[in-house]
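Note that this is a predicted model, so its numbers are computed, not measured.
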Amino acid sequence: MGYYKVFEGGIPREFGKLVNLVHMDLSLCELEGPIPPELGNLQSLNTIFIHINRLSSSIPKQLGNLTSLVNLDLSANLLSGEIPNELGNLNRLKLLNIFMNRLHGSIVTPCVPKLLTIGMSSPYTN
């Protein structure tokens, strides 16, 4: 799913019930509001691309439950706050893009050794 701009507002919390979903691409969908913590229920997900939207609030710590996740791109949104330590649970993660947000903190080391691509720098990221 993605690239169709079929949702007004934010990411529906009901997406947290799509337990067999493997790939979520909601990039460039003009989404607003927070990332629902219910996405942390999607244990089969290996890819989340929700970059280039207007998502706000913080990164939910529940995303650290997605142990099958290989690609996570949250870049170019309005996310703020601390990078959750729970992202360190993502030991299969190879792509992490969180640049062009207002995040601070560091990535915990358990997930770092397998990362092939990491994008964190921006005028707003510490």
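- Under the side chain to side chain donor-acceptor pair (under 3.5 Å) criterion, Thr67 pairs with no residue at all, not counting sequence neighbours.
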### Query
Could you walk me through whether Asn53 and Cys29 pass the side chain to side chain contact (heavy atoms under 4.5 Å, CB included) check?
CA-CA 6 Å; Asn53 282 292; Cys29 288; 3.8 Å; yes
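- Note that the CG atom of Leu26 and the CD1 atom of Ile50 stand 7.0 Å from one another [nearest 0.5 Å].
- For the salt bridge (Lys or Arg N to Asp or Glu O under 4.0 Å) condition, the pairs that include at least one residue of residues 35-53, sequence neighbours left out, are Arg13-Glu38.
- Taking CG of Asn97 as the reference point, atom CG of Leu74 lies at 8.5 Å (rounded to 0.5 Å).
- In terms of the side chain to side chain donor-acceptor pair (under 3.5 Å) criterion, residue partners of Glu32 (sequence neighbours excluded) are, by chain and number, Arg54.
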- request: Begin with the C-alpha distance, continue with both residues' side-chain angles, and end with the deciding distance and a verdict on side chain to side chain contact (heavy atoms under 4.5 Å, CB included) for Leu39 and Met24.
  value: CA-CA 10 Å; Leu39 295 186; Met24 176 183 287; 3.9 Å; yes
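- Between the CG atom in Leu66 and the CG atom in Asn46 there is a gap of 10.5 Å [rounded to 0.5 Å].
- In this structure the side chain of Leu45 never reaches within 4.5 angstrom of the side chain of Val22, judged on heavy atoms.
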Distance-only check: which donor-acceptor pairs under 3.5 Å involve side-chain atoms of residues 57-65, not counting sequence neighbours?
unit_1	atom_1	unit_2	atom_2	d
Asn65	ND2	Gln62	O	3.4

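- To the nearest 0.5 Å, atom CG of residue Leu95 and atom CG of residue Leu93 are 7.0 Å apart.
- The salt bridge (Lys or Arg N to Asp or Glu O under 4.0 Å) analysis of residues 70-79, with sequence neighbours excluded, yields no pairs.
- Residues passing the side-chain contact (heavy atoms from CB on, under 4.5 Å) test with Thr47, sequence neighbours excluded: His23, Phe49, Asn71.
- Here the shortest heavy-atom pairing between Leu21 and Leu42 reads CD2-CD1, 4.5 Å.
- One finds the CG atom of Asn77 at 9.0 Å from the OG atom of Ser56 (value rounded to the nearest 0.5 Å).
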